[in-house]
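What follows is a single structure, written as structure tokens, with notes after it.
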Amino acid sequence: GAHVGRMDHAVILSPDLEASKKLWGGALGARLALDRSFPARNTRILFFRLGDITVEISGGAQQTEEGLDKPDRLWGIAWGVDNLAATTERLRAAGVDVSDPRRGVKPGTLVATVKGLHTHGVATLLIEHTPESFRPEARLAHGAAYDNAPQQRAFTAVALDHVALATTDAEEAARTWQSVLDVRASDTIESAAARTLIASLPGGTTRIALGQALRAHHPLAEWVETRGPGMYAIAVQVDDIEAAVRDLRAKGVTVSDPEYGVWAGTRVARIDRAESNGVSVQLVQRLPDIL
């Protein structure tokens with residue numbers, strides 16, 4: 001916990017932020033996550049997300065004529081640590097000049113500056129993200145700061161894709177649904193890879209998936225053994241599952257790698273149950289048909 005775990009962000013100084021915005025957002029296609037001004041510091045910053053790393057472009061709050069068409073320059077790097085106090089203590093013991101931990105600009109963060117010859121002229125910051133830094137209010141403008149553009153999400157939750165029910169016998173459960181509510185299974189899929197049998201019931205704009213484990217030591221079977229048949233998971237359809245996974249991980253959410261789903265033309269990822277108040281949440285992207 002007293003070592004650098006990742007690169008958090010790189011800082012670029014720009015005398016022409018509008019030109020930088022066009023380059024990174026327009027030409028390179030990076031997602032602009034933040035465009036904020038800090039009048040008290042006469043500073044404006046742009047945050048572009050590249051996976052789970054941020055490129056921060058910093059400049060003056062007001063554009064000046066002399067800054068037009070001037071080149072940007074790489075200024076510094078921020079390294080993410082899990083325990084800032086322990087990291088600064090270790091560095092000092094090794095003879096590295098580092099400041100005391102202090103609150104970062106973003107609420108919920110702690111930062112310290114590494115100084116001296118050890119940085120080889122590169123402005124170096126250490127940053128720890130506490131749980132508070134991932135809360136929605138931490139992303140709001142605070143003090144006299146204000147946003148120049150609305151923040152953009154990396155992905156959009158399009159719809160509720162399906163509700164998954166755990167059963168001991170998916171085909172028998174499907175017959176019960178047909179008998180009681182006259183809802184008929186549109187298809188039944190046996191997945192050797194997932195070791196499951198799934199019956200799909202149409203439900204208007206969504207569907208109900210009746211799942212049965214085909215082996216004893218399976219999460220679905222263990223769920224039924226512990227809690228009995230019933231609600232198992234909800235699946236939310238997203239427009240870009242790769243972006244969704246990157247964005248959630250950048251926010252500290254534990255989510256699995258995307259993989260192909262049981263239904264053809266789908267990719268899925270699973271959010272850790274502990275991250276979603278005990279409810280199993282799956283992300284689903286429906287891939288476009290290839291003609």
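The structure displayed is predicted, hence computed values, not measured ones.
For the pair Thr87 (side chain) and Asn83 (backbone), a donor-acceptor distance under 3.5 Å is present. A donor-acceptor distance shorter than 3.5 angstrom exists from the side chain of Thr88 to the backbone of Ala85, with no hydrogens or angles considered. For the pair Asp239 (side chain) and Thr156 (backbone), a donor-acceptor distance under 3.5 Å is present.
Between Val183 and Ile208 there is no side-chain heavy-atom pair separated by less than 4.5 Å. At a threshold of 4.5 Å between non-hydrogen side-chain atoms, the residues Arg286 and Val158 do not count as touching. For the pair Phe48 and Leu23, the minimum side-chain heavy-atom distance is 4.5 Å or more. Using a 4.5 Å cut-off on side-chain heavy atoms (C-beta onward), Asp52 and Arg246 make no contact. Side-chain atoms of Leu210 and Glu171, non-hydrogen and from C-beta on, never get closer than 4.5 Å to each other. A heavy-atom distance below 4.5 Å is found between the side chains of Ile127 and His129. Residues Glu242 and Gln285 fail the side-chain proximity criterion, which asks for heavy atoms closer than 4.5 Å.
A salt bridge does not link Glu89 with Arg92: every distance from a Lys NZ or Arg NE/NH1/NH2 to an Asp or Glu carboxylate oxygen is 4.0 Å or more. Salt-bridge annotation for Arg6 and Asp82: present, with a side-chain N of the basic residue lying under 4.0 Å from a carboxylate O of the acidic one. In this structure, Arg270 does not pair ionically with Glu275, as no charged nitrogen and carboxylate oxygen lie closer than 4.0 Å.
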